[in-house]
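Just so you know, these numbers use all the heavy atoms, side chains as well, and skip hydrogens, waters and symmetry mates. Note that this is a predicted model, so its numbers are computed, not measured.
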Amino acid sequence: MAPGNDLDRQSMQFAAPALSLLRSDERRIVIVGARGWIGRTLLALLRAALDSDEFARRVVCFGSAERGIVLDDGTRLDQYALDDLAALPRQPTVLFHLAFLTKDKVAGMEAQAYCAANRALSQTVHDALDRIGVDRLFVASSGAAAFADDPGAAGDLRLYGALKREDEERFAAWARNRAGTCRVAIGRIYSVSGPWMNKHETYALASFILDALAGRPIEVRAPRRVLRSYVAVREVLSVVVCMLLSTDGLAVQCFATGGEPLELGEVAAVVAQVGGAIVSRRPISEPEENRYTGDAAAWTALLARYGMTHLPLDGQVAETAVWLAQKAEES
């Protein structure tokens, strides 16, 4: 699982349609939530597409507070406080709205405070769109939005999903009211993979890969069937760029990520095959199934529309493992 140039070339070849569109477009690129997992992947994609001067001229980052960002190639840029977003001068802009207090925060906050914080964040972004000249917008939603009204889903998932669905509706209405000039892509993101993965203790895939890298057996402890479907974050962003910057497109374009639905035992087996580990799967003793998967066929068709193909899970595991191994060495 050692890093190498072949992997970099493969990643950039996959993203070729998106890279071409980014190079030919002149819009300013604003990223809200730039230091997160998806934001870091987007910055790497932009850096691959743009030379140093163009990158510095066009890319502007926002987050919860002013901080510096250093990319893997050493490129440095500033992150500005989100409260300053509306102060940007007006010009044609594509904005990536990636910021949100995620589901793991629910347990540590009162529900009312959690809702208020996320609604305030989204309202800040919404109120700035027209003022700064946004005409292309990506909203990173979640597969959790499909569970907002599901009485069988966990409470934190329903709350998180309900807030994500509010975001979908708010920003879809913004684009519909400006049809012909503005466009929004709204992505319900299920399980993803790739470099800059965070919260390793929360995500099964990261935990499995770290076990394999450390030479430990991969243990699947869930007493029920748990199904997940994975796509690479760079795959998601390549689709989004094509949706937003292609010549033709609807005012509101909604999609959900796909990937082959696999039980966690099967996911662990793929990781073990790539990383040379063994798998221990707890016997399944409970009948209820935990399914959090997108539509694999619809995702494949969406990729094909833009001349792309899905990266299978073994390739995703290899990519993610390269980055996790690098970070382990650095620490």
Side-chain angles (χ1 to χ4, degrees), residues 1-18 37-38 40-41 44-45 48 72 143 189-200 202-222 225-239 256-281 290-304 306-329:
M1 291 189 185
N5 291 331
D6 288 344
L7 181 60
D8 295 338
R9 283 195 294 269
Q10 181 188 28
S11 298
M12 291 306 103
Q13 183 178 14
F14 174 90
W37 181 1
I38 300 177
R40 287 280 190 169
T41 306
L45 187 70
D72 283 355
I189 299 173
Y190 283 85
S191 299
V192 286
S193 67
W196 301 283
M197 179 182 279
N198 53 15
K199 303 175 186 175
H200 302 158
T202 302
Y203 298 122
L205 185 63
S207 176
F208 293 167
I209 294 173
L210 288 171
D211 283 342
L213 288 171
R216 297 187 295 264
I218 301 171
E219 296 185 21
V220 184
R221 303 185 183 93
R225 281 174 52 80
V226 178
L227 287 99
R228 298 292 184 265
S229 58
Y230 291 90
V231 300
V233 173
R234 63 174 173 83
E235 194 170 294
V236 179
L237 288 170
S238 295
V239 166
T257 61
E260 180 185 4
L262 296 173
E263 205 283 320
L264 282 190
E266 297 172 308
V267 174
V270 173
V271 175
Q273 181 180 13
V274 174
I278 61 172
V279 177
S280 171
R281 209 302 176 205
N290 182 305
R291 177 181 287 267
Y292 189 73
T293 61
D295 186 328
W299 181 248
T300 299
L302 182 58
L303 289 170
Y306 299 113
M308 305 177 200
T309 56
H310 174 59
L311 179 66
L313 184 58
D314 58 350
Q316 297 179 52
V317 168
E319 268 194 0
T320 307
V322 165
W323 186 81
L324 288 172
Q326 287 174 334
K327 293 306 167 186
E329 290 176 3

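- Considering every non-hydrogen atom in both Gly194 and Thr320, the closest pair reads N-OG1, 2.9 Å.
- Between Ile38 atom CD1 and Leu45 atom CG the span is 13.0 Å, to the nearest 0.5 Å.
- Classification of Arg281 and Glu219 as a salt-bridged pair fails, no side-chain N sitting under 4.0 Å from a carboxylate O.
- Side-chain atoms of Arg291 never come within 3.5 Å of backbone atoms of Pro261 as a donor-acceptor pair (strictly under, hydrogens ignored).
- Contact between Val279 and Ala268 at its shortest, heavy atoms only, is CG2-O, 3.5 Å.
- For the atom pair NZ (Lys327) and CG (Leu213), the distance works out to 14.0 Å, reported to the nearest 0.5 Å.
- Listed for the Glu319 side chain is no donor-acceptor partner under 3.5 Å among the backbone atoms of Pro195.
- Here the side chain of Ser229 pairs no donor or acceptor atom with the backbone of Thr293 at under 3.5 angstrom.
- Aromatic ring centres of Tyr203 and Trp37: separated by under 6.0 Å.
- Rounded to the nearest 0.5 angstrom, Ile278 CD1 and Arg216 CZ are separated by 12.5 Å.
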Please lay out, stage by stage, how Val220 and Phe208 fare under the test side chain to side chain contact (heavy atoms under 4.5 Å, CB included).
-> CA-CA 9 Å; Val220 184; Phe208 293 167; 3.8 Å; yes
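- At distances below 3.5 Å, at least one donor-acceptor pair connects side-chain atoms of Glu235 with backbone N or O atoms of Leu311.
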Audit row: His310, Val231, side chain to side chain contact (heavy atoms under 4.5 Å, CB included) steps and yes/no | CA-CA 8 Å; His310 174 59; Val231 300; 3.7 Å; yes
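- Residues Arg228 and Leu264 have side chains in contact (heavy-atom distance under 4.5 Å, counting atoms from C-beta outward).
- The minimum heavy-atom distance between Ser238 and Met308, with the atom names listed, is O-CE, 3.6 Å.
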Go through the steps for Leu262 and Leu227 under the test side chain to side chain contact (heavy atoms under 4.5 Å, CB included), then give the verdict.
-> CA-CA 5 Å; Leu262 296 173; Leu227 287 99; over 6 Å; no
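- We find the OG-CZ distance between Ser207 and Arg221 to be 7.0 Å, quoted to the nearest 0.5 Å.
- The two residues Ala256 and Trp299 make their nearest non-hydrogen contact at O-CE3, 3.6 Å.
- A 4.5 Å side-chain heavy-atom check between Leu205 and Met197 finds at least one atom pair inside the cut-off.
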Are Trp196 and Val233 close enough, and set up right, to give a side chain to side chain contact (heavy atoms under 4.5 Å, CB included), and what steps lead you there?
-> CA-CA 10 Å; Trp196 301 283; Val233 173; over 6 Å; no
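- Interatomic distance, OH of Tyr230 versus OG of Ser193, reported as 9.0 Å (0.5 Å rounding).
- Counting only heavy atoms from C-beta outward, the side chains of Leu210 and Leu324 approach each other to under 4.5 Å.
- Looking at Glu266, its side chain does come within 3.5 Å of a backbone N or O of Glu263 through a donor-acceptor pair.
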